[in-house]
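Here is how names work: the chains are called A, B, and so on, in the same order as the sequence lines, proteins then strands, and each is numbered from 1. Atom set for the values below is all heavy atoms of this structure, side chains included, hydrogens, waters and symmetry mates excluded.
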Number of protein chains: 2
Amino acid sequence: MSGYGAVLRHVEAELSAGRLRVGRQLPAERKLAEDLGVSRATVREAIRVLQAMGVVRSGVGSGPDAGTTVIADPAGGLGAALRLHLATRRLPMSDLVGTRVMIESHSVRAAAARPDHPDLARAAELLTRMDAPDLDADTFHQLDADFHVALTAAAGNAVNTAIMAALRDAIHRTVLDAVQALPDWSRTAVRLRREHRSILRAVQAGDGDLAATRVTRHVEGFHREWVRHA
Amino acid sequence: MSGYGAVLRHVEAELSAGRLRVGRQLPAERKLAEDLGVSRATVREAIRVLQAMGVVRSGVGSGPDAGTTVIADPAGGLGAALRLHLATRRLPMSDLVGTRVMIESHSVRAAAARPDHPDLARAAELLTRMDAPDLDADTFHQLDADFHVALTAAAGNAVNTAIMAALRDAIHRTVLDAVQALPDWSRTAVRLRREHRSILRAVQAGDGDLAATRVTRHVEGFHREWVRHA
DNA sequence: CAGCCTGGTGTGGTCAGACCACAGAGTCTA
DNA sequence: TAGACTCTGTGGTCTGACCACACCAGGCTG
């Protein structure tokens, strides 16, 4: 088999077998190359891919942050892939929004069944920070995105949470551009804050159906507004 | 900025600007390296990543299949990422199944509103092929997976379809192993065929709620059975 | 003339070896 | 003792080379 693929399969096998765990380090590139009988360039190609997938992080120098470490950032990898395919125009933005609505409405339904989940407290704290009067649009959107991810995380499905975070990454820049074009941003921000609170209230009250309805209206409404001004 | 990241951002920018379209070719590695003022090794690392994301396909030699071509295979890229993170044990299989149930039940609901969608005809044809009596488990599961993806595709959301296909890729090997362990595979196959038909019937009858209930039972039931014997 | 075959050319795949910046650890010096 | 120094190992990048491959054009052969 090809050298590049062999490295990838080797690492995946090590992960599957549990010999390589999150937080541990891969062998140094030069050593890995020697072990597998390939060149360092080939090893690097494979490691780059793992890096792009969010499976591994590399740092130069020495010390704890140096070398190649196994991490677990599925959202990073999925987000990069979604962003690229968004650029190819094969994944329309409207479908990304549709998926987001599906995940969020499903998640708030599930989260309403466990209103004491710590991620809901985190979501509430994010809303408080969004109340700061002198927030610029960039920070506001960042908190906004974190709020929605926290809401999803409260449902307890790691895959959905990762996809949700990935969708946020993929959409991020587009939304920022859109926000610039809105006629009255501060007015929109007031409405978004109100809607966020009403969604969270419904979840904490255990009313999943209401929360789902509200989050659907919230996301689709903002998307429509933002498409109108794009 | 770093050489590697510069190449990646350059290609993404070319895609976003529409100067690079699906089906077209990237410049040759040597030329791209010269154009961007980096080495060929650096260009290759970036291209490997694009390849792993399903954005690009490379072929040696000359002719139409040679060189690096822009493609659009989001499922491939997402599937690889999911498989890797499954290996790190940070994405539990039960969550993958949960996401799958969410997407499928949501999709059959939407598909029921357009019962004449061509993907439904394709799904029906796949079921016919699954009726062949001398089918081995491997082929059966392949058709099974294609059926579920076709069902999802009939809902018309490309992102959901890509994620569904990615989940299939990620789960594929595990399911194959599980099927080996089932006590009476042919008996299970008979049940699966019946359930598939009943799901498709509900969709074609326009009864989205019924289809959603059935597909949820179908997927969760098979997952439980397969976990029990793992 | 028709058919084969044989270089030529350009592609990605891989390799070996080199140099760099970096960051920590250990050592030497004032 | 505190600071400056070298040493070592890391990933990041570059250079230049060779390979297998597949097409294509030209010449050769029948």
Item to check | Residue mapping more 5' on DNA chain C - nearest nucleotide basis, A/Y4 or A/R40 | outcome: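 It is A/Y4, whose closest nucleotide lies nearer the 5' terminus.
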
Next on the checklist: Both B/A41 and B/I47 contact DNA chain C. Which one's nearest nucleotide lies toward the 5' end?
Outcome noted: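 Final value for this comparison: B/I47.
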
Nearest-angstrom distance from the residue atom [atom1] of [X] to [atom2] of [N]:
{"X": "B/E29", "N": "D/dT15", "atom1": "CD", "atom2": "P", "answer": "16 Å"}
{"X": "B/E45", "N": "C/dG12", "atom1": "CD", "atom2": "C1'", "answer": "15 Å"}
{"X": "A/E34", "N": "D/dG9", "atom1": "CD", "atom2": "P", "answer": "14 Å"}
{"X": "A/R44", "N": "C/dC15", "atom1": "CZ", "atom2": "C1'", "answer": "15 Å"}
{"X": "B/L32", "N": "C/dT11", "atom1": "CG", "atom2": "C1'", "answer": "14 Å"}
{"X": "A/R30", "N": "D/dG12", "atom1": "CZ", "atom2": "P", "answer": "11 Å"}
{"X": "A/Q25", "N": "D/dG9", "atom1": "CD", "atom2": "P", "answer": "15 Å"}

Checklist outcome for this item: Of D/dG11, D/dT15, C/dC15, the nucleotide closest to the side chain of A/S39 is C/dC15

What does the list of N/O pairs under 3.5 Å between the protein and nucleotides 24-26 of chain C look like, with a distance for each?
unit_1 : atom_1 : unit_2 : atom_2 : d
C/dG24 : O4'    : A/S62  : OG     : 2.9

Next on the checklist: Regarding A/A66, tell me which of base, sugar-phosphate or nothing describes its non-hydrogen contacts under 4.0 Å with the strands shown.
Outcome noted: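 No contact.
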
Next on the checklist: Under 4.0 Å, counting only non-hydrogen atoms across every strand here, what does A/R48 touch: a base, just sugar-phosphate, or nothing?
Outcome noted: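 Sugar-phosphate only.
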
Next on the checklist: Per the side-chain hydrogen bond (donor to acceptor under 3.5 Å, both in side chains) rule, what does the pair list look like for residues 28-39 of chain B, sequence neighbours excluded?
Outcome noted: B/E29-B/R40, B/E29-B/R44, B/K31-B/D35, B/S39-B/T42

Checklist entry - What residue pairs, at least two apart or across chains, pass side-chain hydrogen bond (donor to acceptor under 3.5 Å, both in side chains) with a residue in residues 79-90 of chain B? => result A/E12-B/R83

Next on the checklist: Is B/T42 close enough to D/dC14 that one of its side-chain N or O atoms is under 4.0 Å from OP1 or OP2 there?
Outcome noted: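 True: B/T42 side-chain N/O within range (under 4.0 Å) of D/dC14 OP1/OP2.
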
Item to check | Under-4.0 Å side-chain N/O to phosphate OP1/OP2 contact, A/S58 with D/dT10 | outcome: no

Checklist entry - Would one find more than 12 heavy atoms of other residues, nucleotides or ligands at under 6.0 Å from atom CZ of B/R19? => result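 Yes, enclosed.
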
Item to check | Contact nearer the 5' end of DNA chain D, comparing B/G37 with A/T68 | outcome: A/T68

Item to check | Side-chain donor-acceptor pair present, A/T99, B/N160, cut-off under 3.5 Å | outcome: yes

Next on the checklist: Is the ring pair B/W226/B/F222 parallel, tilted or perpendicular, if the boundaries are 30 and 60 degrees?
Outcome noted: tilted

Checklist entry - Can a salt bridge be assigned to the pair A/R168 and A/D146 using a cut-off of 4.0 Å between side-chain N and carboxylate O? => result yes

Checklist entry - Under 6.0 Å between ring centres, would you say that holds for B/H218 and B/H148? => result yes

